[in-house]
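Below is one structure, written out as structure tokens, with a few remarks after it.
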Amino acid sequence: MTRLGRFLPDRFIMILVATLIVATLLPATGGLLVAIGWASNAAIFALFFLHGARLSPQAVAAGAKHWRLQLAILSFGYALFPLAMLAVRAGLSGRLAPEILLGLVFLGVLPTTVQSSIAYSSIARGNVAASVIASAASNLLGVVLTPLLFALLVGGAMGGVSLEAVGKVALLLLLPFALGQVLRARVLPTVERHAKLAGMMDKLTIILAVYVAFAQAASEGLWARISAVTLVELAGVMAAVLIATFAAAWGLGAALGLKPADRATLLFAGSHKSLATGAPMARILFPPGVAGAAILPLLLYHQLQLMLSAGVATRLARGEERERLQR
């Protein structure tokens with residue numbers, strides 16, 4: 001990857017931007033939107049079934065060997081990060097739209113990424129095995145914890161989010177995940193034979209969820225309420241949050257006395273947030289007029305975390321190499 005390439009949007013983010021534009025200019029309505037919504041729900045169900053089939057219970061159990069690191073990652077992602085986003089939301093109250101403020105809290109309670117947190121930990125010469133376990137455990141818990149923590153933190157300001165919506169999350173995410181675990185022995189060989197097709201399901205699910213969310217939001221006047229200036233301001237906020245999160249995760253690793261490899265794993269697994277889980281969940285959890293704006297913080301944060309992680313991981317790897325040569 002060239003130095004310039006690290007700071008350019010990746011191809012999938014550009015596809016998402018195009019999806020957002022199409023949803024704004026050509027929003028589906030009526031029966032077509034309902035049909036696309038059902039297709040999105042089916043894709044979400046299939047995606048989380050595949051997640052359940054892929055995840056080995058033994059891998060999660062093996063994570064107990066690194067319990068201090070795993071506990072630090074989960075505490076950072078599901079306690080410190082959400083509380084920090086509550087503070088950010090309070091500080092920006094009145095400056096940003098209420099839906100975006102809800103999206104900030106939603107970002108805070110999401111699980112870590114699967115692919116990128118592991119990939120960047122590997123580049124940084126971190127504890128890759130622990131990264132795999134951390135991402136699996138975080139996403140397993142996130143199916144339950146994310147909607148519950150969000151409801152707990154925002155209380156009466158849920159913007160139309162109801163217990164019925166939380167139940168729908170359980171139906172479309174937790175149920176297929178559990179089925180995937182139960183049927184894992186039978187379906188895993190098929191999933192592994194078609195690994196490329198299964199991998200494409202992540203992206204298809206996100207694209208459908210983003211289209212439906214923004215088509216519904218655009219038809220209800222989303223872009224009349226959110227200006228270009230607001231988007232620029234939100235991007236600045238997300239950049240500041242990301243930098244502060246990286247610094248806090250690295251500092252926590254130092255305070256806990258973790259080895260450099262484990263600190264790198266905590267840095268990426270703790271600070272990354274999953275678009276693959278967040279976009280489908282937002283479409284289920286939020287009402288139609290709220291979902292599009294609520295995932296804007298996540299879309300911006302996701303791209304920024306990819307760009308910043310590239311430079312940080314490379315720098316950490318160089319530092320580790322220098323220390324190795326000096327020993």
Notebook entry, point to check: So do Leu110 and Ser274 actually touch side chain to side chain, heavy atoms under 4.5 Å?
Noted result: no
Note to self: For Ile73, is there any backbone N or O sitting under 3.5 Å from a side-chain donor or acceptor partner on Tyr78?
What the structure shows: no
Check: Do Leu204 and Trp38 belong to the same hydrophobic cluster, where Ile, Leu, Val, Met, Phe, Trp and Tyr are linked whenever their side-chain heavy atoms lie under 4.5 Å apart, directly or via other members?
Finding: no
Note to self: Let's go through Ser131 and Phe268 carefully: what are the C-alpha distance in whole Å and the side-chain angles of both, what is the deciding distance for side chain to side chain contact (heavy atoms under 4.5 Å, CB included) to 0.1 Å, and is it a yes or a no?
What the structure shows: CA-CA 8 Å; Ser131 294; Phe268 296 113; over 6 Å; no
Next item on the list: Give every residue pair that meets the salt bridge (charged side-chain N to carboxylate O under 4.0 Å, His left out) criterion with at least one member in residues 24-41, sequence neighbours excluded.
Entry: none
Note to self: Tell me the closest heavy-atom pair linking Arg283 and Ser40, and the distance in Å.
What the structure shows: NE-OG, 3.0 Å
Note to self: Could you check whether any side-chain heavy atom of Phe49 comes within less than 4.5 Å of a side-chain heavy atom of Leu183, counting everything from C-beta outward?
What the structure shows: yes
Check: Are Leu188 and Leu179 joined in one hydrophobic group, where the rule is that I, L, V, M, F, W and Y side chains link up if heavy atoms are under 4.5 Å apart?
Finding: no
Next item on the list: Using modelled atom types only, decide if a donor and an acceptor are shared between the side chain of Arg68 and the backbone of Leu256 within a distance under 3.5 Å.
Entry: yes
Margin query: What I'd like to find out is whether the side chain of Phe81 reaches to under 4.5 Å of the side chain of Lys273, using heavy atoms alone.
Written below: yes
Notebook entry, point to check: Cluster question for you: counting only ILVMFWY and a side-chain heavy-atom cut-off of under 4.5 Å, with indirect links fine, are Leu83 and Ile243 together?
Noted result: yes
Item checked: Close side-chain approach of Pro82 and Val105, heavy atoms under 4.5 Å -> no
Note to self: Quick one: does any side-chain atom of Thr19 pair with a main-chain N or O of Ile15 as donor and acceptor, under 3.5 Å?
What the structure shows: yes
Notebook entry, point to check: Tell me, do Val312 and Tyr120 make a side-chain contact under 4.5 Å, heavy atoms counted?
Noted result: no
Checklist line | Ser121 and its side chain to side chain contact (heavy atoms under 4.5 Å, CB included) partner, picked from Thr265, Asp262, Leu316 | finding: Thr265
Item checked: Arg125 side chain vs Ala317 backbone, donor-acceptor pair below 3.5 Å -> no
Checklist line | side chain to side chain contact (heavy atoms under 4.5 Å, CB included) between Asn127 and Lys259, intermediate numbers included | finding: CA-CA 9 Å; Asn127 188 333; Lys259 298 177 181 178; over 6 Å; no
Note to self: Using the rule given for side chain to side chain contact (heavy atoms under 4.5 Å, CB included), can you reason through Thr146 versus Thr277, listing the C-alpha separation, both sets of side-chain angles and the distance that settles it, and then say yes or no?
What the structure shows: CA-CA 10 Å; Thr146 292; Thr277 298; 5.7 Å; no
Notebook entry, point to check: Is the shortest heavy-atom distance from the side chain of Leu102 to the side chain of Glu99 under 4.5 Å?
Noted result: no
Margin query: Treating Thr230 as the side-chain partner and Ile226 as the backbone partner, does any N or O pair qualify as donor plus acceptor under 3.5 Å?
Written below: no
Next item on the list: Could you check if a side-chain atom of Phe286 sits within less than 4.5 angstrom of a side-chain atom of Ile295, using non-hydrogen atoms only?
Entry: no
Next item on the list: Can you see which heavy atom on Ala39 is nearest to which on Leu208, and at what distance?
Entry: O-CD1, 4.0 Å
Notebook entry, point to check: Would you call Ser271 and Tyr301 a side-chain contact if the rule is heavy atoms closer than 4.5 Å?
Noted result: yes
Margin query: Is it true that His272 and Ser117 share a donor-acceptor pair across their side chains at a distance under 3.5 Å?
Written below: no
Margin query: Run the side chain to side chain contact (heavy atoms under 4.5 Å, CB included) test on Leu234 and Leu296 for me, step by step, so that the C-alpha distance in whole Å, both residues' side-chain angles and the decisive distance to 0.1 Å come before the verdict.
Written below: CA-CA 9 Å; Leu234 179 60; Leu296 281 174; 4.0 Å; yes
